[in-house]
Protein chains: 2
Amino acid sequence: MVSTNQFETLMVNRLKSIFLFSHLSETDLIHLASIVKLRSFNNGEILFYEGTPSDKLYILLDGVLKGYKTDMKENEIVLHYFYPVSLVAEMANLHHIPFPATAEFQTDGNILEIDYPIFERDFLKNPTVSFELIKSLTQKLKYLEDIITTRLALDATSRVAKFLYENGDISDSTKRHKIATILGLTPETLSRSFKKIKILGLISDEGKNFTILNREGLKELFS
Amino acid sequence: MVSTNQFETLMVNRLKSIFLFSHLSETDLIHLASIVKLRSFNNGEILFYEGTPSDKLYILLDGVLKGYKTDMKENEIVLHYFYPVSLVAEMANLHHIPFPATAEFQTDGNILEIDYPIFERDFLKNPTVSFELIKSLTQKLKYLEDIITTRLALDATSRVAKFLYENGDISDSTKRHKIATILGLTPETLSRSFKKIKILGLISDEGKNFTILNREGLKELFS
DNA sequence: TTAGAAATTTGATTTATATCAATGAAGCGG
DNA sequence: CCGCTTCATTGATATAAATCAAATTTCTAA
């Protein structure tokens with residue numbers, strides 16, 4: 001069996017490999033190691049629910065996490081898919097407010113859970129930490145801006161055109177249902193929009209896969 | 001006529017009174033004063049347009065500024081009303097991307113314009129500056145989250161109920177048209193929603209002013 | 001390889017809200 | 001105080017996308 005010290009060393013090394021902590025001193029890392037916990041989740045498990053008070057800061061180390069809100073008809077509004085390594089919902093911590101959305105694992109994954117009050121007191125003033133935090137926050141602002149642009153300013157077909165323009169050939173293997181959720185559409189509407197774009201000659205489909213025939217034409221549809 | 005030094009002193013004092021810079025050293029303030037410019041705007045003037053490259057950081061000192069995007073039918077999607085003292089669109093600067101929205105003055109006002117590249121190089125690492133920046137960014141994230149919750153997850157009547165719940169009696173003098181814009185509704189729909197809520201007995205109107213009769217009832221409508 | 005399940009497409013209908021049109025009420029300058 | 005302009009309300013209609021219901025295609029596992 002390994003001793004506490006060995007655990008500590010392992011954790012310190014793991015922490016050092018995370019962008020947010022890469023510039024911390026050895027002393028800081030050891031202190032940090034004492035306030036974090038590694039947790040594993042299975043596909044489908046919930047990390048936290050919308051409205052839950054937040055006193056933990058989460059960093060996604062492995063797996064894919066979906067952040068979503070639920071509307072009046074119990075439909076999911078997907079805000080974001082998180083891929084490792086990301087800070088999750090740090091805004092809630094910083095403002096001491098409940099989590100604004102639900103986070104659900106889409107694959108098996110691992111989370112680094114940090115005791116937030118202590119982290120705030122001892123690490124938030126650190127320039128590298130705050131700089132990385134700023135980067136993460138602005139990235140999230142960009143995502144939300146984009147959701148607003150896409151979902152409030154564009155109609156169904158324009159949203160699909162934008163998606164194709166931005167995600168190109170990646171969409172091949174992605175389930176239509178998932179694309180529909182990302183775009184805030186029903187699968188039926190998505191299908192009809194794909195058809196319109198096909199008729200315009202901007203894409204063609206061989207079987208299940210799309211080929212983009214006219215990328216600039218797609219852009220025309222949403223801008 | 002005042003000398004350069006007197007101008008500098010005036011500017012330094014003005015800067016010191018801004019939360020973001022209140023903890024800077026005298027040396028820093030003098031340096032900062034050399035990269036800022038004070039600009040006045042009239043009601044209706046545009047500070048920047050959506051899509052314009054951003055190399056200035058703006059701080060709103062006086063007046064009210066409206067941030068909005070434009071949808072496919074040329075409708076405004078109001079993202080935010082800025083009141084002094086606020087950072088404006090810092091996200092664009094931090095990520096070196098074009099402004100994501102248009103900013104238009106709703107009253108006469110004053111802006112402090114900062115040369116961003118120099119500011120980033122010389123001030124962004126300052127712990128107080130970055131801390132205030134984090135606060136401002138998280139505040140904006142909250143606004144955007146709220147827009148998404150309101151505009152994507154709630155129907156018209158629920159949005160109005162939420163607005164009444166959160167803004168209470170303030171709405172008295174506010175033009176219906178402005179409320180409608182904030183909620184992303186047409187004045188007609190807003191009027192019909194008010195009527196529904198009136199029939200439910202949650203509010204009453206004497207002439208132009210509303211009285212909230214059942215605040216908890218309002219909450220029930222949107223949660 | 002094939003049967004059954006799941007995903008996608010297509011068509012018909014419904015729904016919420018925008019739009020269009022008209023009327024009524026309130027605020028304002030003379 | 002009056003007429004004019006702006007704002008708010010009400011009613012009728014249009015529209016985009018959701019929902020409901022099949023039909024068809026694709027995937028999967030025996």
Side-chain angles (χ1 to χ4, degrees), chain A residues 43-44 69-78 106 147 150-164 171-200 203-211 221-222, chain B residues 43-44 69-78 106 147 150-164 171-200 203-211 221-222:
Chain A
N43 187 351
K69 289 170 176 281
T70 306
D71 76 6
M72 315 190 70
K73 294 177 197 158
E74 304 293 295
N75 297 317
E76 283 181 7
I77 300 169
V78 175
Q106 300 300 103
I147 288 175
T150 305
R151 309 269 283 251
L152 294 178
L154 300 183
D155 64 21
T157 306
S158 313
R159 279 184 236 176
V160 176
K162 180 166 182 278
F163 181 86
L164 287 168
S171 53
D172 285 5
S173 65
T174 314
K175 288 267 185 320
R176 296 295 166 88
H177 181 266
K178 187 178 171 186
I179 300 176
T181 314
I182 292 172
L183 296 176
L185 299 171
T186 57
E188 294 94 325
T189 302
L190 178 67
S191 172
R192 290 185 247 264
S193 293
F194 270 133
K195 199 177 171 186
K196 272 189 206 171
I197 294 172
K198 224 179 295 169
I199 290 170
L200 287 171
I203 56 173
S204 73
D205 66 339
E206 303 115 22
K208 191 182 152 42
N209 292 5
F210 284 116
T211 315
L221 286 187
F222 65 88
Chain B
N43 187 350
K69 288 171 178 281
T70 308
D71 75 5
M72 316 193 68
K73 294 178 197 158
E74 304 293 295
N75 296 317
E76 282 181 9
I77 301 169
V78 175
Q106 301 302 103
I147 288 175
T150 306
R151 309 269 281 253
L152 294 178
L154 300 182
D155 63 22
T157 306
S158 312
R159 279 184 236 177
V160 177
K162 179 165 183 277
F163 181 86
L164 287 167
S171 53
D172 285 5
S173 66
T174 314
K175 290 267 186 317
R176 295 296 166 88
H177 181 265
K178 188 180 169 185
I179 300 176
T181 314
I182 292 171
L183 296 176
L185 300 171
T186 58
E188 293 95 324
T189 303
L190 178 67
S191 174
R192 289 185 248 263
S193 292
F194 270 134
K195 199 176 171 186
K196 273 190 206 169
I197 295 171
K198 227 180 292 169
I199 290 171
L200 287 170
I203 57 174
S204 74
D205 65 340
E206 303 113 23
K208 189 181 153 46
N209 291 5
F210 284 118
T211 315
L221 286 188
F222 65 87

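Here is how names work: the chains are called A, B, and so on, in the same order as the sequence lines, proteins then strands, and each is numbered from 1.
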Between C:dT17, D:dA17, C:dA12, spot the one nearest the side chain of A:Ala156, thanks.
D:dA17
Protein-nucleotide distance (B:Asp155, atom CG; D:dT19, atom P), rounded to Å:
13 Å
One would report the end-axis bend of the helix from C:dT1-D:dA30 to C:dG30-D:dC1, five pairs per end and rounded to 10 degrees, as 40°
Does a side-chain N or O from A:Arg176 land closer than 4.0 Å to OP1 or OP2 of C:dA6, or not?
no
Specify the separation, in whole Å, of atom CG of B:Asp71 and atom P of C:dT17.
16 Å
Select one nucleotide: of C:dT10, D:dA18, D:dG11, the one nearest the side-chain heavy atoms of A:Ser191.
C:dT10
For A:Glu188 and D:dA23, what is the distance between atoms CD and C1' respectively, to the nearest whole Å?
13 Å
At under 4.0 Å between heavy atoms, what does B:Leu185 touch on the DNA or RNA strands: base, sugar-phosphate, or nothing?
sugar-phosphate
Within this structure, what is the NZ-to-C1' distance between B:Lys73 and D:dA17, rounded to whole angstrom?
11 Å
Less than 4.0 angstrom between a side-chain N/O of B:Thr189 and OP1 or OP2 of C:dA18, yes or no?
yes
Taking salt bridge (charged side-chain N to carboxylate O under 4.0 Å, His left out) as the cut-off, I'd like each qualifying pair that reaches into residues 185-199 of chain B, sequence neighbours left out, listed once.
B:Lys198-B:Asp205
Side-chain atoms of B:Arg192 come closest, of D:dT10, C:dT17, C:dT10, to D:dT10
Determine the minimum heavy-atom distance between A:Leu185 and A:Arg159, stating which atoms define it.
CD2-NH1, 3.7 Å
Could you work out, with side-chain hydrogen bond (donor to acceptor under 3.5 Å, both in side chains) as the rule, every residue matching B:Asn43, not counting sequence neighbours?
none
Donor-acceptor pair, side chain of A:Ser191 and main chain of A:Pro187, under 3.5 angstrom
no
Measure from CZ on A:Phe194 to C1' on C:dA7 and round the result to the nearest Å.
13 Å
Just the rounded figure in Å: distance from P of D:dA17 to CG of A:Leu152.
13 Å
Give the minimum heavy-atom separation between A:Ala180 and A:Leu190, together with the two atoms involved.
N-CD2, 3.8 Å
Quick one, A:Leu152 and B:Asp71 - any side-chain contact, counting heavy atoms below 4.5 Å?
no
Quick check against the 3.5 Å criterion: does B:Thr157 have a side-chain atom that pairs as donor or acceptor with the backbone of B:Ser193?
no
A:Asn75 CG to D:dA17 P, in whole Å, measures 16 Å
Below the 4.0 Å mark, does C:dT9 have OP1 or OP2 next to a side-chain nitrogen or oxygen of A:Lys195?
no
Between D:dA16 atom P and A:Leu190 atom CG, what is the distance in whole Å?
18 Å
